[in-house]
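All remarks here apply to the structure that follows.
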Amino acid sequence: MHRPLRGLAVAATLLLPLAACTENSDSSASGSKDTGTIAVESSADACELSADEAPSGNLVFTVKNTGPDVTEFYLLAEDGLRIVSEVENIGPGLSRDLVVTAKPGTYVSACKPGMVGDGIRGEFTVTDSGKDVAPTGALADQVAAATTNYVAYVKDQTEQLLAGTRDFVEAYEQGDDDRARELYAATRVHWERIEPVAESFGDLDPRMDLREADLEAGQEWTGWHRLEKDLWPPKGFTDALSPAQRATYADQLLADTQELYDRTHAAAFAQEIDATAIGNGAKGLLDEVATGKVTGEEEIWSHTDLWDFQANVDGAKVAYDGLRDIVVAKDEALATQLDTRFEALQGLLDQHREGEGFVGYDALSTDQVKQLAASVDALSEPLARLTAAVVL
Amino acid sequence: MTSPGGTDATGRRFSRRSVLGLAGAAAATGAAAGAGITLAAAHAGDEPQAEGGTGDAYAFTGAHQAGITTPAQDRLHMAAFDLTTTERADVVALLRAWTYAASRMTQGLPAGDFGPGSGPYDAPPDDTGEADGLPASGLTITFGFGPSLFRDADGRDRFGLAARRPALLEDLPHFPGDALEPGRTGGDLVVQACAHDPQVAVHAVRNLSRIAFGTAAVRWSQLGYGRTSSTSTSQATPRNLFGFKDGTANVKAEEADAVRDFVWVQPGDDPAAAWMAGGSYLVARRIRMMIETWDRAPLREQETIVGRTKTTGAPLSGGTEHTEPDFALAGRDGVPLVAEQSHVRLAHPSSNDGQRILRRGYNYTDGSDGLGRLDAGLFFVAFVRDPARQYVPMQNRLARDDLMSEYLRHTGSGLWAVPPGVPDGAALGGTDGAYVGQELFEG
């Protein structure tokens with residue numbers, strides 16, 4: 001799990017509207033040389049652009065807020081209604097870039113100091129550079145489809161998680177520890193596949209998935225890992241849970257799982273999911289692997305880290321697959337690289353399969369762990385570019 | 001291995017190489033030592049100066065130990081020691097010897113009276129020599145006492161000091177996410193050596209460790225570079241290894257009231273430990289940064305987590321680096337521009353009951369781990385008047401809520417009581433010289 005409680009409000013600030021993308025001016029300047037840069041100065045009552053036309057392709061609007069209020073900058077379609085791209089929340093005195101791939105045509109630029117009204121508008125022309133620019137508009141449907149599919153995937157995983165947790169809790173409370181140990185990792189994979197979503201509920205995550213090391217002094221330890229330690233007690237462990245304690249912790253886990261199910265099945269949840277959430281979620285899953293699973297810290301008692309590892313990769317792959325057609329259209333080389341590296345990582349993981357699942361983390365040699373870590377890094381680097389590639 | 005250069009007493013630039021070149025190889029050590037002495041004599045007792053010339057020497061004696069409000073130097077070597085002796089007299093003798101050596105090395109002199117190239121020919125030199133010919137380089141050496149000096153893990157009063165243990169000097173609590181390694185945590189004594197030249201800082205710790213053999217052994221030591229805080233308004237705010245400016249709101253030496261309220265223990269703060277008046281508490285945390293995953297985070301996420309822009313360090317609510325963050329200013333959909341769980345908001349005095357700290361941390365890079373990832377991060381050092389009010393609540397809040405915590409792992413920790421300075425003009429050395437912490441043992 002992520003240690004800080006990532007509340008929904010914060011998650012929302014990390015999500016960006018579908019069409020928007022910002023990049024650091026240094027990185028974009030050092031990128032392709034043929035990027036057109038337009039300086040925009042947004043003051044209290046003016047919106048000055050250094051040029052009112054640019055050749056088609058990648059455009060960078062460097063927006064500086066010289067006014068006293070928070071401002072936004074929009075690039076709108078010719079009708080002045082449809083948003084092609086935008087950058088929001090620019091504080092007074094700050095600069096931020098809007099990077100956009102623009103086709104030839106007539107557009108409307110708009111600064112919106114104070115974030116109210118129609119903004120200060122002007123006409124902006126994109127001339128034909130002859131470069132092949134992906135038809136951004138046509139991708140909207142694909143993005144919508146990807147979003148719908150991903151929401152359905154999350155719902156399905158929470159359904160399976162709930163069903164599995166019921167069985168697990170039953171076995172555990174009845175003292176059938178062998179059965180509970182058998183179900184532990186197999187049930188948790190449904191959590192791990194959608195971990196960033198589960199973590200977006202800042203109150204549920206610490207109750208359900210906190211590791212012992214993550215506790216604050218005096219904080220009560222509940223959730224999966226508390227039961228994990230009870231089922232795989234370390235040598236000399238004297239703090240075994242009584243039947244009554246078992247019931248308390250297991251019942252709470254089940255209730256929290258039901259709560260997770262309910263929240264992901266609510267209409268509000270689907271609205272939180274967009275291409276950015278999916279793309280960043282895929283990256284987040286690999287980060288989880290890199291920081292917790294590949295080091296064997298997540299399942300420190302049961303050593304079932306490779307189950308979680310596979311589940312995180314599964315979740316990232318589903319997220320990527322949903323966006324893959326868009327990536328192919330916009331950046332084919334990136335799609336090819338991601339395909340190859342997902343395959344390589346899966347091939348490596350498959351070497352450690354055993355029965356229904358995987359060998360224990362403690363059975364891996366140092367070299368094998370190192371190989372896995374290198375493969376995770378190899379995939380993570382291009383995967384971190386997925387979101388920008390899709391929303392640009 | 002050579003110094004980039006320094007300024008001698010008359011302001012001329014010289015380099016170690018030119019000194020060596022002039023003197024010739026055979027006489028090199030002696031000539032260089034001579035230069036060091038001249039230099040130190042000219043600078044001894046100077047008021048702390050703005051950072052710049054690497055020849056600066058800071059006074060060792062004074063009401064407070066140097067190395068706290070001293071403008072943060074560029075390099076750190078900190079070492080924690082465990083006492084191997086059971087005799088109180090041995091501890092006093094060690095502190096006396098350390099005080100004398102520190103008073104010399106901070107002035108650019110060798111640790112011992114002879115220096116690396118003099119003295120009995122059949123004895124090992126009383127200074128190891130690698131700093132010979134290098135200027136004082138702003139070296140400060142600061143000493144502190146850990147909770148285990150007063151009582152060991154079994155509660156035994158090791159040296160008859162338990163009744164004088166400051167109430168605030170106890171092991172820090174377990175914070176959420178702590179992954180402390182015993183070999184990087186705690187220690188009976190601590191030595192913080194800071195200098196503009198890493199070789200000078202390492203030389204100091206090396207010679208103090210040597211003096212300690214038989215009385216105390218190094219438990220751990222940590223090198224740091226690229227100071228991550230400014231402790232003076234004359235210093236620019238540096239960047240941490242996340243690439244962001246850090247510690248913009250630090251307590252600065254020029255803020256007399258803040259230094260008094262937040263850094264120095266005041267008379268009457270702790271009647272049982274009156275010897276701490278004029279001292280401070282040193283908090284050290286070795287905070288590993290998950291560099292590789294951070295580097296893959298979108299700029300949007302990085303800036304949201306920190307609450308400042310990466311380029312200028314301005315708060316996301318606008319302005320420039322030193323503009324006060326406007327935590328109420330909201331953007332789209334009423335969401336605050338500086339996120340609720342951003343580092344700048346949670347570390348800000350307004351989130352911490354008005355408390356501030358004097359940070360004096362350094363970047364560190366200890367090579368790579370077994371998985372090919374940088375073992376790098378922040379060696380956090382802070383000086384506070386009251387760790388229970390100024391540090392513990394803040395660290396609990398950060399560890400629990402700060403979005404940045406996802407990219408951090410605390411692997412080392414310690415809290416030490418830093419006694420006041422050795423008074424100006426006190427006689428040092430010998431068997432009855434003044435020493436750091438004398439009031440604890442004899443007051």
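No hydrogens, no waters, no symmetry mates; every other heavy atom, side chains included, goes into these values. By convention in this document, chain letters (A, B, ...) are assigned in the order of the sequence lines, proteins followed by strands, and residues within each chain are numbered from 1.
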Task: Flag, side chain of B:His174 to backbone of A:Ala213, donor-acceptor distance under 3.5 Å - done: yes

- [ ] To the nearest 0.5 angstrom, please state how far the CG atom of A:Asn89 sits from the OG1 atom of B:Thr304.
- [x] 9.0 Å

Open item on the list: Using a 4.5 angstrom heavy-atom cutoff, name the option from A:Lys283, A:Glu212, A:Glu72, A:Glu216 with the most pairs to chain B.
Closed with: A:Glu216

TODO: Considering only heavy atoms and a distance below 4.5 Å, find which of A:Leu383, A:Leu372, A:Thr366, A:Thr291 pairs most often with chain B.
DONE: A:Thr291

Task: Qualifying residue for side-chain contact (heavy atoms from CB on, under 4.5 Å) with A:Leu94, from B:Thr320, B:Leu337, B:Thr309 - done: B:Thr309

- [ ] Among B:Gly370, B:Ala179, B:Pro173, B:Ala314, single out the residue with the greatest number of heavy-atom pairs under 4.5 Å to chain A.
- [x] B:Gly370

Open item on the list: So, taking the atom named OH in B:Tyr407 and the one named CG in A:Asp287, what distance separates them when rounded to the nearest 0.5 Å?
Closed with: 5.5 Å

Open item on the list: Using heavy-atom distances under 4.5 Å, tell me whether B:Leu316 contacts chain A through its side chain, its backbone, both, or neither.
Closed with: both

Task: Backbone N/O of A:Ala290 and side chain of B:Arg373: donor-acceptor pair under 3.5 Å - done: yes

Task: Stepwise side chain to side chain contact (heavy atoms under 4.5 Å, CB included) test for B:Arg332 and A:Glu86 - done: CA-CA 12 Å; B:Arg332 182 84 58 88; A:Glu86 65 184 318; 2.8 Å; yes

Task: Interatomic distance, B:Asp295 atom CG to A:Glu381 atom CD [nearest 0.5 angstrom] - done: 7.5 Å

Open item on the list: Does any backbone or side-chain atom of A:Val369 lie under 4.5 Å from a heavy atom of chain B? Answer side chain, backbone, both or neither.
Closed with: both

Open item on the list: Tell me whether the count of non-hydrogen atoms from other residues, nucleotides or ligands lying under 6.0 Å of CZ in B:Arg389 goes above 12.
Closed with: no

- [ ] Please determine if A:Glu297 and B:Arg409 form a salt bridge, counting it only when a charged side-chain N lies under 4.0 Å from a carboxylate O.
- [x] yes

- [ ] Inspect the contact between B:Arg296 and A:Asp377 and indicate whether a charged nitrogen and a carboxylate oxygen are less than 4.0 angstrom apart.
- [x] yes

